[in-house]
Structure formats: structure tokens, C-alpha cells
Amino acid sequence: MNRIKTINIKLKTNINAKVIIGTDILDSLGARLKKQLTSKNIVLITNYTVEKLYSQKIIENLRFHNFNVNIIVLKDSEESKNIYEVKEIIDRLLAFKIERKDTIIALGGGVIGDLAGFVAAIYLRGINLIHIPTTLLAQVDSSIGGKTGVNHAKGKNLIGAFYQPILTYLDTNVLQTLEKKQVLCGLAEIVKYGVIASEEYLAYLEQNINVINRYDFAHDQEVWRYLIEKAAKFKADIIMKDERESNLREILNFGHTIGHGIEAAFNYQTYLHGQAVAIGMLMAADIALSMELFSYADFSRLKNLLTALNFDLMIKKINIHKILDHIYLDKKIREKKLRFVLPTKIGSVETKTGIKDDLILDKLQKYLSTNVY
Ligand SMILES: NC(=O)c1ccc[n+]([C@@H]2O[C@H](COP(=O)([O-])OP(=O)(O)OC[C@H]3O[C@@H](n4cnc5c(N)ncnc54)[C@H](O)[C@@H]3O)[C@@H](O)[C@H]2O)c1
Ligand SMILES: [Zn+2]
């Protein structure tokens, strides 16, 4: 079965970014793009891992439909997300004589999406961008919403632009090759949508735990499709109301204030983003519990779900002040006040300022593992 579903993201900036969800979309890419694009020139930007797995099929299909395809293959690493790589890519685009009406396809996880998206935003003041996200995290989060960018030595994602793709193709078939820890990364964002937007969605996760934990995207297509489609829709709805993160979009940061602090305190070496966000969500929920904003029953529901999904909910041994410093550092760089997105019940959150350091430290201590790793 290959049902195709389209989500239309209508934005104030005149671009209507379509998100298309289905299986085997990649086999029909050329035929689909023929109807969408005015130019035949496409540059596929990907990394070595994804190139080996999926690029040949895509390129053959596009060439069959008379597209001229050039490919840029990058190193498989967050380290590729830097301004020097942006310049290298632009040099290649100029050598390929890519013009304004031509198209960049970002094929890969969030790293490729952010980097290729940023290049598309600034090359000739913006050329067509299509996302084909290949990680669960990229399908449910980073490929939707138009945030693009690269890292700076002083912090992650400090250079960037809001730039919407004209199309995003979510093909659940490509997820079958993901490593388990990468699936877990996407699952953290999926749980997040349940807490910030929909009790029904969280209940669906609870009811399908055993299926989800098989990580079998081909066999359990219906469940994964539902989860991904809904997640994409939640994000699209939030983006449509607040494209440039003035207010509502902030709720997407649930679990991320502390999560980012943990990732940074461990120099981005120890924690994958989703794993740190899972701890961050639980701690934010615990802070809300202490402030009597959130019930113990809802807190237990979240904790049980994260545990059932196999997240490690203890922070590895560290000086907890280091995490707190990173939480503040991140905000200082971005000239923002420390704001916490806290749950009030499953499916609903509020943003709070003025959370006391003592309360944050208290919770960091509570979730600090005493084991030496
Ligand atoms: N723009 C946004 O709104 C936004 C939101 C969240 C995260 N991000 C960014 O996204 C990045 C993280 O993205 P990610 O988690 O996708 O990581 P990633 O892009 O590094 O991909 C994770 C790993 O999976 C591999 N991979 C990708 N697709 C595969 C497949 N189908 N089969 C097998 N292996 C595959 C990659 O090669 C990589 O090794 C970070 O840089 C983060 O800042 C951006
Ligand atoms: Zn995230």
C-alpha cells in the first residue's frame, strides 16, 4: 500500500511549503518534480552514509525524467555544519553554473538539512530547496519549519536563516536503515509533541509501545506513518501560527533548555540530542510538579513512557554547576532570558521565567547518576 498524504504549510512569506508523506516516494521523485520545477538542474547534497544507501536510486530516477543532476557528498558529521563548508559548497555550485531557478535537494539527516538549507537560503539570495529527510528526527522535526544554519566555535546554530523549502518528502521506507540510537533521537521529539500538543497522541504512543520498540519501519508502517504524519502536522501548525519564533513556536523548546545544557556540558560527545532532551523533558516536568503546575499522575505517565521507550533518565557523573552554567551561557549568547517551557497537563504547556537556580540544581542533583562511567 502506498498512500500519499500532503500537508500544506501556508506562510506569510508567500511560500507554501508542502510536506508530502508516503512510502516509495523516492521511486516517483522524477515524475513528481517534473510537475513542480521549471528548471532541469538539480544539485543533490548528501553525506557519505546516505549517499551509499539512497543516492543512486534517486539520481537514476531523476535522470530518467531528464533532470541534470550534480551531487555534492559531505563528511558524515556534525562538524560539517560550519561556515567553511558553506563556502566550499558555494564554490561547487558556481562551478556547476547553478542559477537562481535551479534546485538544491538536501538528502540526509538534520545536519545535511540545516547546512544545505542554509546554502540554499544565501546562494544567489535564495534558490529552490527540497528536503528529503532520512532520519526520524529530521522527518518529525528539523526538515519542517524553515530553520537553517551552521555552528560557530562559540555555539551551535549561531549562523543561520529562516528559509522554507518548497517541498519536503517524508518517505518512511528510508528509516529502516537507521541505527537504533538515531531512532531514539527522533522518538524524544515525538514524545515532546504528545506533551506540548496532544494527550491523544501520547496515549497512542503508550498503546503502541511494543510495536514502536521493534523499530521495524517496513513491517509496522501504519504505526510509524501515523506518528510521523501527526508529528509533522503538529510542527506545521505551530510554524503557521509563528514562523519566526516570536512566541508560540517557543513551546517546541520543551525539554530543550536543560537538554541543551546537558549536551553542551558533556562537550556534545556523550549525549545524542534526543537522549539529552528526554532527560530535559522529565526534569522540566519535575520542576512543574514542584511548582504545583503539573500533577503527579501526569508526571508518572511521562516518566513511564520515557522508560518504556528505553531512554536512560539519569545524567552521567558530572559537576551539575557545569550544566547550569551552560544553560545560562546558551541564553546569554542569544540575549534571551532564561525561559522554561513547563507542562500543565499532558497536551498543554506554559512558558515561565524566574525559575530559581536552586530548584534547577535540586532537580539536576536528583537525576545525577552516582555511577562512575
Ligand atoms: N532546523 C531545525 O529546526 C532543527 C531541529 C532539530 C535539530 N536540528 C539539527 O539537526 C542535526 C541533527 O540531525 P540528525 O539527528 O538527523 O543527525 P544527523 O544528520 O547527524 O544524522 C544522524 C546519523 O544518521 C545517519 N543517517 C542519516 N539517514 C540515515 C539512514 N536513512 N540510514 C542510516 N543512517 C542514516 C547520518 O549519516 C548520521 O550519521 C543537528 O545539527 C541539529 O542542530 C535542526
Ligand atoms: Zn530537539
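Basis for what follows: all heavy atoms, side chains included, without hydrogens, waters or symmetry-related copies. One is the number of the first residue; the rest follow in order along the sequence. Order of appearance sets the numbers: ligands from 1, and atoms from 1 within every ligand. Only a predicted model underlies this, so the values are computations on that prediction, with no experimental measurement involved.
Glu189 contributes OE2 as its N, O or S atom closest to the Zn ion (ligand 2).
Side-chain atoms of Ile238 and Ile196, non-hydrogen and from C-beta on, do get closer than 4.5 Å to each other.
Checked against side-chain hydrogen bond (donor to acceptor under 3.5 Å, both in side chains), Lys81 has the following partners two or more places apart in sequence or in another chain: Asp114, Asn157.
Ligand 1 is surrounded by Asn47, Thr49, Val50, Leu53, Tyr54, Asp76, Glu78, Lys81, Gly109, Gly110, Val111, Asp114, Thr134, Thr135, Leu137, Asp141, Ser142, Lys147, Lys156, Asn157, Val174, Thr177, Leu178, Gln182, Lys235, each with at least one heavy atom closer than 4.0 Å.
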Test log, rule side-chain hydrogen bond (donor to acceptor under 3.5 Å, both in side chains), inputs Lys230 and Ser198: CA-CA 10 Å; Lys230 280 274 181 196; Ser198 165; over 6 Å; no
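A donor atom on one side chain and an acceptor atom on the other are found under 3.5 Å apart for Asp286 and Tyr367. In this structure, a donor-acceptor pair under 3.5 Å is present between the side chains of Asn41 and Asn68.
Asp298 places no side-chain N or O within donor-acceptor distance of the main-chain N or O of Lys345, the cut-off being under 3.5 Å.
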